[in-house]
Participant: 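Before anything else, here's the structure in question.
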Amino acid sequence: MIRNTVLASLFLPILLATTSFGGSETPPPGPSWKRDFYDAQQEALRGGKPIFIYFTKTY
Amino acid sequence: MLPSAGLKPAYDKVVWLYVFRDFSHSVADLKAERISLRFGLTSWPQLILVDPESLRVLGHTGRTVTSFLAAVGSAKVKASQSSTAPDRVKQTDARAIQLESDPSAVLAKRYLEDEDIVVRYRALSILAEQDPESVAARAESLLQVRNDPFRYEVCKVLTKTGNLAAKTALESLVHEPAHSNNPNVLRSRAVKALAACGDADSVDAIRPFTKGSYLNMLTKTAVDSLAVLVERHPKARDRVRHILIEAYPAPPSDPDRTHSHYCLLLAKRVHLALENITGESRAFPDVYDSAAREKLMQSW
């Protein structure tokens, strides 16, 4: 628990500084987000691009 | 970092995938969990770049625009019209979903050695619940799997069932939690499992971690685990007694509330462990400072 507290205290300023950084079912605004790995993988392969995966969770 | 306008140069340089878990075990949550499992992730948030063909992690982007753009700039991927890689993931997902829908030990045993880590994890979870002895019996080989959630699950089973045959593999993991995204947690799980599986000699593997930071849960786990080992192997009592006496944490030199609190918690935990393994009691000081710590250690 203390480790999570320490981590939260390190990243909370970043989380608060940007809206919807984490902990939301809705992705942050900006790029066009995919929600399906298969779709992302296919598009990335066709385009010769890496997949950027943003993992987050409810807090 | 998100949603900084500074990321715009990268909008069309990567494919953006958002994976959110709410731990509800809904269809959407299980789908997100499968992706997390594939990359061995057990803490959040995580921001990674992945090769779509090999699924190799190309790097972590960091949490600044600068680090993100640098990571994207150095990630090279070849274009391909082949659907082999995505189809393979789809097929493995189908097997994992089959296990989710039909969590039977029979099916799980069939899939425990599957080529895909997500399928293996699902199988392992089922067996951990329905047939933990079968997991414990194969723990030595299962602990070699380079995936944190997988190894956590094996350690969890071993903590309940025990198995002396897993001792060497666990001691090795405690010594070097290799190929882990979260080595401190993996080590902590292995220490706990070692308490249930190890013998009197396993004290040596756990001892170094009793002197860790009071902010680190591993330190607490190491103290507890030594007490469990003594319960199972009384001949280790004298050795563990000496180790625990030395494990009373030094109070912080510049204490703030958090540090003082956790230091005191660990001190009390060490104290309780000593009382439990020796059957003796000592008064715990009202104020735990350096002088009180010294006096307490000498009293044992």
Side-chain angles (χ1 to χ4, degrees), chain A, chain B residues 1-5 7-8 10-24 28 31-32 34-36 38-39 41 43-53 55 58 61 63 68 72 75-83 85-86 89-90 93 184-185 214-217 258 262:
Chain A
M1 191 167 100
I2 179 56
R3 186 165 157 275
N4 287 342
T5 305
V6 170
L7 281 173
S9 68
L10 284 173
F11 298 126
L12 207 50
I14 301 169
L15 294 177
L16 293 174
T18 59
T19 56
S20 308
F21 184 84
S24 167
E25 207 277 329
T26 307
S32 173
W33 291 97
K34 293 212 172 289
R35 304 301 296 268
D36 183 86
F37 189 85
Y38 180 77
D39 290 346
Q41 193 180 12
Q42 280 197 307
E43 183 175 320
L45 274 167
R46 282 195 301 265
K49 302 175 187 178
I51 308 170
F52 167 66
I53 314 180
Y54 172 23
F55 292 91
T56 186
K57 71 175 179 86
T58 184
Y59 285 93
Chain B
M1 181 177 76
L2 294 153
S4 167
L7 295 178
K8 272 187 183 165
Y11 277 8
D12 64 350
K13 292 196 167 54
V14 301
V15 173
W16 301 72
L17 177 63
Y18 188 72
V19 179
F20 172 77
R21 289 216 58 198
D22 62 9
F23 304 96
S24 64
K31 186 174 169 181
R34 289 194 294 274
I35 303 172
S36 305
R38 183 167 302 292
F39 297 100
L41 301 178
S43 63
W44 294 263
Q46 298 279 351
L47 300 92
I48 62 174
L49 289 168
V50 169
D51 183 295
E53 175 84 49
L55 300 187
L58 299 170
T61 64
R63 298 175 195 210
F68 181 90
V72 169
K76 303 298 173 205
V77 170
K78 283 186 192 162
S80 170
Q81 299 306 308
S82 166
S83 64
V89 171
K90 208 164 196 180
D93 251 17
N184 191 60
V185 173
Y214 43 75
L215 294 175
N216 189 344
M217 72 170 178
T258 300
Y262 285 100

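Lettering follows sequence order; numbering is per chain, from 1. Just so you know, these numbers come straight off a predicted model, no measurement behind them. Hydrogens, waters and symmetry mates play no part in the numbers below; they use all other heavy atoms, side chains included.
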Participant: If we only count heavy atoms from C-beta on, is the K49(A) to V77(B) side-chain gap below 4.5 Å?
Facilitator: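 Counting from C-beta outward, K49(A) and V77(B) never come under 4.5 Å.
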
Participant: If I measure from the heavy atoms of chain B, does D39(A) come under 4.5 Å with its side chain, its backbone, both, or neither?
Facilitator: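 Contact with chain B is absent: no heavy atom of D39(A) under 4.5 Å.
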
Participant: Take the angle between the ring planes of W33(A) and W16(B) and call it parallel below 30°, perpendicular above 60°, tilted in between.
Facilitator: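 Perpendicular: the ring planes of W33(A) and W16(B) meet at over 60°.
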
Participant: To the nearest 0.5 Å, what is the distance between CG (L45(A)) and NZ (K78(B))?
Facilitator: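 Nearest 0.5 Å value for the CG-NZ distance: 12.5 Å.
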
Participant: Among the options L7(B), V50(B), D12(B), pick out the one with the most heavy-atom pairs lying under 4.5 Å from chain A.
Facilitator: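 Among L7(B), V50(B), D12(B), the one with the most close pairs to chain A is V50(B).
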
Participant: Can you give me the closest heavy-atom contact between T56(A) and Y18(B), atom names plus distance?
Facilitator: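 Looking at all heavy atoms of both residues, the shortest contact is CG2-OH, 3.3 Å.
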
Participant: For I35(B), is it the side chain, the backbone, both or neither that has a heavy atom under 4.5 Å from a heavy atom of chain A?
Facilitator: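 Both parts, heavy atoms under 4.5 Å.
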
Participant: Does E25(A) reach the side chain of D22(B), with side-chain heavy atoms less than 4.5 Å apart?
Facilitator: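 Contact flag for E25(A)/D22(B) side chains = no.
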
Participant: Does this structure show an ion pair linking D36(A) with K31(B), if we count only N-O contacts that are shorter than 4.0 Å?
Facilitator: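 A salt bridge is present here (some side-chain N lies under 4.0 Å from a carboxylate O).
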
Participant: Measure L41(B) against the heavy atoms of chain A and call it side chain, backbone, both or neither at under 4.5 Å.
Facilitator: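 When you check distances to chain A, only side chain atoms of L41(B) fall under 4.5 Å.
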
Participant: Answer whether the closest heavy-atom distance between the side chains of V72(B) and F52(A) falls below 4.5 Å.
Facilitator: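 Answer no - side chains too far apart.
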
Participant: Could you grab the distance from atom CD of Q42(A) to atom NZ of K90(B), nearest 0.5 Å is fine?
Facilitator: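 Going from the CD atom of Q42(A) to the NZ atom of K90(B) covers 7.0 Å.
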
Participant: To check you understand the geometry: which heavy-atom pair defines the closest contact between L17(B) and A40(A), and what is its length?
Facilitator: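 Closest approach of L17(B) to A40(A): CD1-CB, 4.2 Å.
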
Participant: Do V19(B) and F37(A) have side chains that get closer than 4.5 Å, going by heavy atoms?
Facilitator: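 Result no, sub-4.5 Å side-chain heavy-atom pair not found.
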
Participant: For the residue pair P50(A) and L58(B), what are the closest heavy atoms and their distance?
Facilitator: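 P50(A) and L58(B) have their closest heavy atoms at CB-CD1, 3.9 Å.
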
Participant: When heavy-atom pairs shorter than 4.5 Å are enumerated against chain A, which of S83(B), P52(B), A79(B) gives the highest number?
Facilitator: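 Among S83(B), P52(B), A79(B), the one with the most close pairs to chain A is P52(B).
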
Participant: Check the pair V89(B), Y38(A) against side chain to side chain contact (heavy atoms under 4.5 Å, CB included), reporting the backbone distance first and the verdict last.
Facilitator: CA-CA 7 Å; V89(B) 171; Y38(A) 180 77; 5.7 Å; no

Participant: Check each atom of T61(B) against the heavy atoms of chain A and say whether the ones under 4.5 Å are side chain, backbone, both or neither.
Facilitator: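 Contact with chain A: side chain only.
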
Participant: Using non-hydrogen atoms only, which part of A85(B) is less than 4.5 Å away from chain A: side chain, backbone, both, or neither?
Facilitator: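 When you check distances to chain A, atoms from both the backbone and side chain of A85(B) fall under 4.5 Å.
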
Participant: Mind checking whether R35(A) and F20(B) have side chains closer than 4.5 Å, heavy atoms only?
Facilitator: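 Counting from C-beta outward, R35(A) and F20(B) do come under 4.5 Å.
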
Participant: Can you tell me how far apart CZ (F55(A)) and CD1 (I48(B)) are? Round to the nearest 0.5 Å.
Facilitator: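 Answer for the CZ-CD1 pair, F55(A) versus I48(B), is 4.5 Å.
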
